[in-house]
> 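Submitted below is the structure of interest, expressed as structure tokens.
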Amino acid sequence: MPINLNNKKIVPGKWLLFVLAIFVFQMALAQTKDTVSNPIRLNQLGFYPNAIKKAIVLNRVGVGNFSIVNLNKHIVFSGTLKASASPSFAGKTTYIADFSNFKKPGAYRLYIDGVVSYSFWIKNDVHAKVANAVIKAYYFMRASTPLTEKFAGKWNRAEGHPDNKVLIHPSAASEKRPAGTIISSPRGWYDAGDYNKYIVNSGISTSTLLSLYEDFPVHMNSVKLNIPESGNGLPDVLNEVLWNLRWMLTMQDPNDGGVYHKLTNAAFDKFEMPDKGTEARYVVQKGTAATLDFAAVMALASRIMSRFPKQVPGLADSCLIAAKSAWLWAQNNPNIAYRQDEINKKYTPAITTGGYGDNNFTDEFIWAAAELFVTTDDVAYLKNINLLPDDKMPVPSWAQVKLLGYYALVKNANGKTINDLPEIKKRLLNTADDLINGVDDNAYQTSMTLSPKHFGWGSNSDAANEGVLLLQAYKLSHDKKYLNNALADLDYILGRNATGYSYVTGYGSKTPMNPHHRPSASDGIIDPVPGLLVGGPNPGMQDGIKVPSKVPDEAYIDDTRAYAANEVTINWNAPMAYLANAIEALQHELSVPIKSGSTK
Ligand SMILES: [Ca+2]
Ligand SMILES: [Ca+2]
């Protein structure tokens, strides 16, 4: 029953208590500037009217009542906390405030015992802005172009790394392109906090954005990014993808189809703006992983771009030709790993930028074969591929792309005979079930917080990739438990977590201010470049920067030096872009299960 704090019918004897309550409430409101961590953890952007709405309350003893108050401080909903059945990784019971049954659009705060949460919205399209921003982030990562004020606002900057004179490194020398040959390889996205461009990481990132378009074309046609190409008749997400795709195409040696592992400085640039980085740039050794990732992306791009023959004439054909010649190269060179240490023993200059080394290409073969098969309908691509080499189902990462192949097959296999497809579908659903098994007992009520194993380097991208996997399971089964738990993973990233951060720069009440990102650190602007997902909790501390807690989901620090917890990268933003935009696209399919909620 809603209670109005301004209700005049209060018995005289209770006036003192009432005035005290108001005072405490006002004090609490005044304290929500995030100098201290707010003990109420929730999605800081908000909730869809008809979806599950949960907050997690920390630092208390025992259950009690909570209220939802509007910005006029009127109580509009009350409920009872529920203690978590399982403790958090820190060993503490948490208290769950479920206000799913409150559905009225508006701006609110959660209030409990003198503490209020950050304000949040209940409304349709509640993630539209962040979903847009995490794609727009790629524009801010563009190499070889100035970012103008019209599109970049206060983060406008000069052009960096034109990459029109790139040297063939001795490790990449071939008969037709000896060491020192100059090639042109402009455009592309900077990989991360640094200014280099790596094919393996570009592969998973570009394909995730292309898949977002493939899976939600109607919704993605409506997403406008305000980038230089906007309005040219191509959806903006594809316009942004093209900036990187055109660079990737230049990374293939036209003489043999092999793809260079990366385009890089010999050593990382200093922490300076992109235009200050003028060191020599190289392409290095061709490799099997890079070439197969390239083949997969180009095959996928071909079938997406074929829908736009007027806007990008000939591009679909070019992508498919590139994919096929890369595939052939990999058939002839099935086991060429990029081993930077060994290369540095043989050649100069030594290359000390990100290695992205991978020794197992089983997954890359599966992915490339799957995308080529789907695009061409030619079963020959699957002929010598064991689609089920093991029973592991890891969420995708740059070195492990098997599930990207499975996703492509499952969603595009209508009517096609693939012997292993029923088993792949079964494993996908089983994996989704494993991801959410026990989530109702969990301290934060998310798949991400069910296992400490989820908290390695770039844990936030695993949270997003878990959400993506759950969305694939939802598309396959239409079971809403998967959709609801994908939303919970988004809630996790945006604030319902053990640190109280919304991990996307610029989106939330408490967000990272000091990402390990050269432009953000050197542009003289206080706010970091917006829309970047930071790596997140990682007790590994590979950067040597001490995190305030080694509890898995608390092991985070907002420190520019902390590249193991606070870097940004294109392959972390990509699943976030998929998750946030897919949830926006599916928002009207979200609903509150009957058992959920506790109105008092
Ligand atoms: Ca691999
Ligand atoms: Ca800055």
Side-chain angles (χ1 to χ4, degrees), residues 137 140-141 147 149 152-158 160 190 192-195 198-205 207-208 259 261-262 270-276 286-297 326-327 330 333-340 354-371 385-390 392-408 458 465 504-507 511-532 534 558-562 566-568 571:
F140 288 107
M141 299 294 260
L147 306 189
E149 192 172 0
K154 64 183 172 183
W155 297 281
N156 67 83
R157 60 167 170 80
Y190 294 130
D194 65 320
Y195 295 140
Y198 309 76
I199 285 289
V200 287
N201 214 35
S202 266
I204 184 170
S205 310
S207 77
T208 302
V259 177
H261 186 73
K262 60 177 170 175
K270 290 190 291 252
F271 258 71
E272 60 194 6
M273 290 302 282
D275 61 299
K276 301 291 185 293
K286 296 165 198 164
T288 306
T291 303
L292 286 170
D293 287 349
F294 174 98
V297 170
W327 175 258
N333 301 275
N335 200 24
I336 299 190
Y338 181 76
R339 297 196 176 98
Q340 198 154 277
Y356 285 106
D358 181 5
N359 295 318
N360 185 330
F361 312 120
T362 308
D363 52 309
E364 281 81 9
F365 271 106
I366 289 172
W367 182 32
E371 298 287 7
I385 300 292
N386 178 2
L387 286 173
L388 302 167
D390 55 51
K392 296 192 184 79
M393 293 286 286
V395 295
S397 62
W398 60 263
Q400 179 45 260
V401 293
K402 183 170 74 173
L403 262 61
L404 298 182
Y406 288 0
Y407 295 165
N465 269 312
V504 179
T505 55
Y507 290 83
T511 58
M513 292 300 290
N514 309 295
H516 182 89
H517 177 235
R518 280 166 174 71
S520 292
S522 43
D523 60 7
I525 294 159
I526 291 173
D527 293 327
V529 168
L532 299 170
V534 297
D558 180 19
D559 185 315
T560 304
R561 300 166 300 166
N566 212 34
E567 192 167 356
V568 302
N571 73 307

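Starting from 1, each residue takes its place in the sequence as its number. These numbers come from a predicted model, not from an experiment. Whatever order the structure lists ligands and atoms in, that order sets their numbers, starting from 1.
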> For Gly153, is there any backbone N or O sitting under 3.5 Å from a side-chain donor or acceptor partner on Asn156?
yes
> Asp194: which residues meet the salt bridge (charged side-chain N to carboxylate O under 4.0 Å, His left out) condition with it, sequence neighbours left out?
none
> Closer than 3.5 angstrom, by distance alone: can the side chain of Ser205 be matched with the main-chain N or O of Asn201 as a donor-acceptor pair?
yes
> Under 4.5 Å between any side-chain heavy atoms of Pro528 and Val568, yes or no?
no
> Is there a donor-acceptor contact under 3.5 Å from the side chain of Tyr356 to the main chain of Tyr198?
no
> Only one of Leu404, Leu292, Val200 clears side-chain contact (heavy atoms from CB on, under 4.5 Å) with Glu364; which?
Leu292
> With 3.0 Å as the threshold, which protein atoms of type N, O or S lie near the Ca ion (ligand 1)? Leave waters out.
Asp358 OD2, Asn360 O, Asp363 OD1, Asp363 OD2, Glu364 OE1, Glu364 OE2, Ala399 O
> Can you list the residues that meet the side-chain hydrogen bond (donor to acceptor under 3.5 Å, both in side chains) rule with Tyr195, with sequence neighbours excluded?
none
> Keeping to distances under 3.0 Å, can you name the protein N/O/S atoms close to the Ca ion (ligand 2)?
Ser520 O, Asp523 OD1, Ile525 O
> For Asp293 and Trp398, run side-chain contact (heavy atoms from CB on, under 4.5 Å): C-alpha distance rounded to whole Å, both residues' side-chain angles, the deciding distance at 0.1 Å, then the answer.
CA-CA 9 Å; Asp293 287 349; Trp398 60 263; over 6 Å; no
> Does the side-chain contact (heavy atoms from CB on, under 4.5 Å) test come out yes or no for Arg157 and Asp523, once each step is laid out?
CA-CA 8 Å; Arg157 60 167 170 80; Asp523 60 7; over 6 Å; no
